[in-house]
Amino acid sequence: MDYALIWALILAIGVFVYVALDGFDLGVGILFPLLRSKAERDTAIDTIAPVWDGNETWLVLGGGGLLAAFPLAYSVIFPALYVPLIGMLLALIFRGVAFEYRMQKKGHKRFWDWAFFGGSLTAALAQGIALGAWLQGIDVVDRAYDGDWWDWLTPFSIATGFAVICGYALLGATWINLKAEGALHERAQAFVWPLAGATIAFIVAVSAWTPLLDARYSARWFTWPTMIYALPVPLFVTGAMIALWRSLKTDNALGAFLSAELLFLLCYIGLGISVWPDIVPTSVTIHEAAAPDKSLSFLLVGAVVLVPAILVYTAAAYWIFRGKVKQGGYHH
């Protein structure tokens, strides 16, 4: 069995599930200043309250799994991206504190609203910057990071940072559109249109920029046979945008949310096509970075138990708290 490939797929799925789930609740925080009243902000918080902390379980799985299954990649990626990753973790912690304190400290709720927004925005920006810095390549010499402290800060990484902010805001708007009623539902629906346009603009810009970063990226997209897998992706992105537009026209909130998530999935697939089989782009492949097969097979036993358990309780949380949210709590 190719244990390195199996673990690469497990981690890839785990990271995408994190982005798909935590992306929309970070997006709700990013949209907070645009919500007009305390009641609207309270309702928006209620839409994510039952699930937001469980969504972050997948981030722990991704980070822990990378350390255990691909220790070389972990030892290279984290020093290279230390600043944005630490910034992300601190922002997520601060955001979690703000989430809890705004419900307990009634006299300071406005301050904690802004703190929740700031933590959400910073976490999304840091994730996007880390993605861009990872994608543009990491210098490795003698199995160690050989770059400078500020190599992560480039125009490309800043662009991907703002792209992730915009994309998460789109997910947050479609989530509120799905879960809220009345004026908040209509306001969220109005947010979706400009956010969708901006997200597509970022997708086009980053997609055009990425092949220019390294000749290997360009070869994977525009040479035979890998172009067979790559070229349909833009067509599917177009299809997802059409589906989002139709869903909004027919007030199909679930269809709009799933279409926005599909956009993220297609971008994620495109990212995979660009870097495969590297885990440290342009430097280290998954097989070069993998732990010994005996370690990977032992870890796989735990993953076979743990990952389905996480999926079950995640699905249960979303099922239990399904339905619309009105001021004061859930109703079905």
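Numbering of residues begins at 1 and proceeds along the displayed sequence.
Counting heavy atoms from C-beta outward, Thr174 and Leu178 have side chains that stay 4.5 Å or more apart. You'll find the side chain of Pro155 reaches within 4.5 Å of the side chain of Trp209, heavy atoms only. The closest side-chain heavy-atom distance from Leu263 to Ile200 is below 4.5 Å. Between Met88 and Leu59, some side-chain heavy-atom pair lies under the 4.5 Å cut-off. With a 4.5 Å cut-off on side-chain heavy atoms, Leu21 and Thr314 count as touching. Considering only heavy atoms from C-beta on, Phe156 comes within 4.5 Å of Val206 through its side chain. Between Phe257 and Ser247, the closest side-chain pair of non-hydrogen atoms is not below 4.5 Å. In this structure the side chain of Val76 never reaches within 4.5 angstrom of the side chain of Arg143, judged on heavy atoms.
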Next item on the list: Could you check Lys38 against Arg110 for side chain to side chain contact (heavy atoms under 4.5 Å, CB included), going step by step and ending with a plain yes or no?
Entry: CA-CA 9 Å; Lys38 172 183 173 295; Arg110 192 61 177 157; over 6 Å; no
Next item on the list: Test side chain to side chain contact (heavy atoms under 4.5 Å, CB included) on Val164 and Ile129 and set out the steps.
Entry: CA-CA 9 Å; Val164 169; Ile129 289 175; over 6 Å; no
Notebook entry, point to check: Given Asp25 and Asn55, is the side chain to side chain contact (heavy atoms under 4.5 Å, CB included) satisfied, shown in steps?
Noted result: CA-CA 9 Å; Asp25 67 56; Asn55 293 342; 2.8 Å; yes
Next item on the list: Assess whether side chain to side chain donor-acceptor pair (under 3.5 Å) is satisfied between Thr57 and Tyr313, documenting all intermediate values.
Entry: CA-CA 11 Å; Thr57 304; Tyr313 80 66; 3.1 Å; yes
Notebook entry, point to check: Between Leu212 and Tyr217, is a side chain to side chain contact (heavy atoms under 4.5 Å, CB included) present by the stated rule, with each step listed?
Noted result: CA-CA 8 Å; Leu212 304 178; Tyr217 294 164; over 6 Å; no
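Note: Leu26 CG to Ile165 CD1 = 10.5 Å, rounded to the nearest 0.5 Å. In this structure, CG in Leu61 is found 6.5 Å from CG in Leu11, a value given to the nearest 0.5 Å. We find the CG-CZ distance between Leu35 and Arg41 to be 7.0 Å, quoted to the nearest 0.5 Å. Rounding to the nearest 0.5 Å gives a distance of 5.0 Å between CD1 of Ile10 and CG of Leu300.
Tyr318 OH: more than 12 foreign heavy atoms inside a 6.0 Å radius. Within a 6.0 Å sphere centred on OH of Tyr82, heavy atoms belonging to other residues, nucleotides or ligands number 12 at most.
When all heavy atoms are compared, the tightest approach of Cys267 to Ile203 is SG-CD1, 3.6 Å. Between Tyr168 and Ile30, the shortest heavy-atom contact is CB-CD1, 4.1 Å. Residue Arg220 comes nearest to Pro277 through the heavy atom pair NH2-CD, 4.1 Å, listed as atom of the first residue, atom of the second, then distance. Shortest non-hydrogen contact noted between Ala208 and Pro211 is O-CD, 3.5 Å. Summarising the geometry of Ala44 relative to Phe32, their closest heavy-atom pair is CB-CE1, 4.2 Å, with the distance given to 0.1 Å. Contact record, Glu288 with Leu72: O-CD2, 3.7 Å, taken as the closest heavy-atom pair.
Partners of Ala291 according to the side chain to side chain contact (heavy atoms under 4.5 Å, CB included) rule, which considers only residues two or more places apart in sequence or in another chain, are Pro71, Ser295, Leu296. In this structure Leu31 satisfies the side chain to side chain contact (heavy atoms under 4.5 Å, CB included) test together with Leu34, Ala169, Ala173, Ile176, Phe191, Leu195, sequence neighbours excluded. With sequence neighbours left out, the ring pair (Phe, Tyr, Trp, His ring centres under 6.0 Å) criterion links Trp276 to no other residue. Under the side chain to side chain contact (heavy atoms under 4.5 Å, CB included) criterion, Leu153 pairs with Trp150, Ile158, not counting sequence neighbours. Every residue two or more places apart in sequence or in another chain that forms a side chain to side chain contact (heavy atoms under 4.5 Å, CB included) with Thr223 is listed here: Ala219, Thr226. Looking at residues two or more places apart in sequence or on another chain, you find a salt bridge (Lys or Arg N to Asp or Glu O under 4.0 Å) between Glu40 and Arg187. Taking Phe78 as the reference, Tyr74 meet the ring pair (Phe, Tyr, Trp, His ring centres under 6.0 Å) condition, with sequence neighbours excluded.
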Sequence neighbours left out, cut at 3.5 Å: what donor-acceptor pairs do the side chains of residues 130-142 make with other protein atoms?
residue, atom, partner, partner atom, Å
Trp134, NE1, Ile279, O, 2.9
Gln136, OE1, Thr154, OG1, 2.7
Gln136, NE2, Asp151, O, 3.1

Please table the atom pairs, donor to acceptor, closer than 3.5 Å between any side-chain atom in residues 237-246 and protein atoms at least two apart or in another chain.
residue, atom, partner, partner atom, Å
Thr238, OG1, Pro234, O, 3.0

Using residues 119-126 as the side-chain source, report each donor-acceptor pair under 3.5 Å to any protein atom, sequence neighbours left out, with the distance given to one decimal.
residue, atom, partner, partner atom, Å
Ser120, OG, Arg95, NE, 2.8
Ser120, OG, Phe116, O, 2.8
Thr122, OG1, Gly118, O, 2.8

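Note on residues 38-61: pairs passing ring-ring contact (aromatic ring centres under 6.0 Å, His included), not counting sequence neighbours, are Trp52-Phe99. Residue pairs meeting the side-chain hydrogen bond (donor to acceptor under 3.5 Å, both in side chains) criterion with at least one member in residues 259-275, sequence neighbours excluded: Trp221-Ser274.
The backbone N or O of Lys294 lies less than 3.5 Å from a partner atom in the side chain of Ser297, making a donor-acceptor pair. A donor-acceptor contact shorter than 3.5 Å links the side chain of Thr160 to the backbone of Gly128.
Under a hydrophobic-cluster definition in which Ile, Leu, Val, Met, Phe, Trp and Tyr are linked whenever side-chain heavy atoms come within less than 4.5 Å, directly or via other members, Leu311 and Val60 are assigned to different clusters. Using a 4.5 Å cut-off between side-chain heavy atoms of Ile, Leu, Val, Met, Phe, Trp and Tyr, with links allowed through other members, Leu231 and Ile228 fall into the same hydrophobic cluster. Trp7 and Phe298 end up in different hydrophobic clusters when Ile, Leu, Val, Met, Phe, Trp and Tyr side chains are linked at under 4.5 Å. When the side chains of ILVMFWY residues are joined at heavy-atom separations under 4.5 Å, either directly or via intervening members, Met1 and Phe70 end up in a single hydrophobic cluster. Criterion: ILVMFWY side-chain heavy atoms under 4.5 Å apart, direct or through other members. Under it, Trp149 and Leu81 are part of a common hydrophobic cluster.
The aromatic rings of Phe24 and Trp175 sit parallel, their planes meeting at an angle under 30°, below the 60° perpendicular limit.
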